[in-house]
Amino acid sequence: MGPTHDARFRSAHKHLDVFESGWKAEHHEAMALYDFQEFLAEGLGLFEWLTERSQDFRWLIFVGKLDADPVAAQNEKAMFQRWLHTAAECERNLEHFETRFGMVEGAEKFRLAVAEIGKFLANWQPPVKSLARGLRARRLSDEEVVARRSLLASP
């Protein structure tokens, strides 16, 4: 059975080797896609978190609860620039996976986030306090509270 058996199935073994290595390559590529999609989802989550923090920061300055701080404003801008820089590197991988698999989950939302941050940075201005005093948050004195309540209670 020895050498005759090997010669008889040599071609079959070659085909099995090709089949096996092809499957493993496909499997590894599919797992890389899955990992990349998870990475995109995390990047989008970070985008949303950074955007919320930025909006809160800007609102607090606008209504006068925080003083405008040029260092904090530059830090806000820098965090978006950093996210956008990383996103640009990810876009190359995104294009690769889209070419390879046709569709990548989260790709559209990711591109919208990239565009939103790009637009934000292109028009970036440091946050400022509202010029309309009526829009600023402030504490009312006890007398002001009583006066406003009586005003609301009057017919």
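As a basis for the values below, the full set of heavy atoms in this structure was taken, side chains included, without hydrogen atoms, waters or symmetry mates.
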**Report entry** Inter-residue atom distance Trp83.CH2 - Leu121.CG, 0.5 Å rounding
**Finding:** 10.5 Å
Requested in this report: Inspect the surroundings of NZ in Lys77 and state if more than 12 heavy atoms from other residues, nucleotides or ligands are less than 6.0 Å away.
Outcome: yes
Query raised in the report: For the hydrophobic clusters of this structure (ILVMFWY residues joined by side-chain heavy atoms under 4.5 Å, transitively), does one cluster hold both Leu60 and Val128?
Result: no
Query - CZ on Arg58 to CD on Gln55, rounded to 0.5 Å - result: 10.0 Å
Query raised in the report: In terms of hydrophobic clusters joined by side-chain contacts under 4.5 Å, are Trp49 and Phe110 together?
Result: yes
Query - Inter-residue atom distance Glu108.CD - Leu40.CG, 0.5 Å rounding - result: 13.0 Å
Query raised in the report: What do you reckon, is CZ of Arg53 surrounded by more than 12 foreign heavy atoms closer than 6.0 Å?
Result: yes
Report task. Give a yes or no on this: more than 12 heavy atoms of other residues, nucleotides or ligands lie within 6.0 Å of atom CG of Asn123. Result -> yes
Report summary line: Closest non-hydrogen atoms of Ser54 and Met79, given as atom of the first, atom of the second and distance, are CB-CE, 4.4 Å
Report summary line: Closest heavy-atom pair, Phe57 versus Ala73, reported as atoms and distance to 0.1 Å, is CZ-N, 4.0 Å
Requested in this report: State plainly whether one hydrophobic cluster holds both Val114 and Leu112, where clusters connect Ile, Leu, Val, Met, Phe, Trp and Tyr through side-chain heavy atoms under 4.5 angstrom apart.
Outcome: no
Requested in this report: Spell out, as yes or no, whether a donor-acceptor pair under 3.5 Å connects the side chain of Thr99 to the backbone of Glu95.
Outcome: yes
Query - Rounded distance (nearest 0.5 Å) linking atom CG of Leu94 with atom CG of Leu33 - result: 10.0 Å
Query - Side-chain donor/acceptor of Gln37 to backbone N/O of Glu105, under 3.5 Å - result: yes
**Report entry** Side-chain donor-acceptor pair present, Glu89, His85, cut-off under 3.5 Å
**Finding:** yes
Query - Heavy-atom pair of closest approach, residues Glu76 and Pro127 - result: OE1-CD, 4.3 Å
Query raised in the report: Is there side-chain contact between Leu84 and Phe47, with heavy atoms separated by less than 4.5 Å?
Result: no
Query raised in the report: Which value, rounded to the nearest 0.5 Å, describes the distance between Phe120 atom CZ and Ile117 atom CD1?
Result: 8.5 Å
Requested in this report: Over all heavy atoms of both residues, which pair between Cys90 and Phe36 is shortest? Give the atoms and the distance, please.
Outcome: O-CZ, 3.5 Å
Query raised in the report: About how many Å separate CD of Glu116 and OG1 of Thr51, when rounded to the nearest 0.5 Å?
Result: 5.5 Å
**Report entry** Closest non-hydrogen atom pair, Glu98 against Ala107
**Finding:** OE2-CB, 3.5 Å
**Report entry** Centroid separation Trp59 to Phe62 less than 6.0 Å
**Finding:** yes
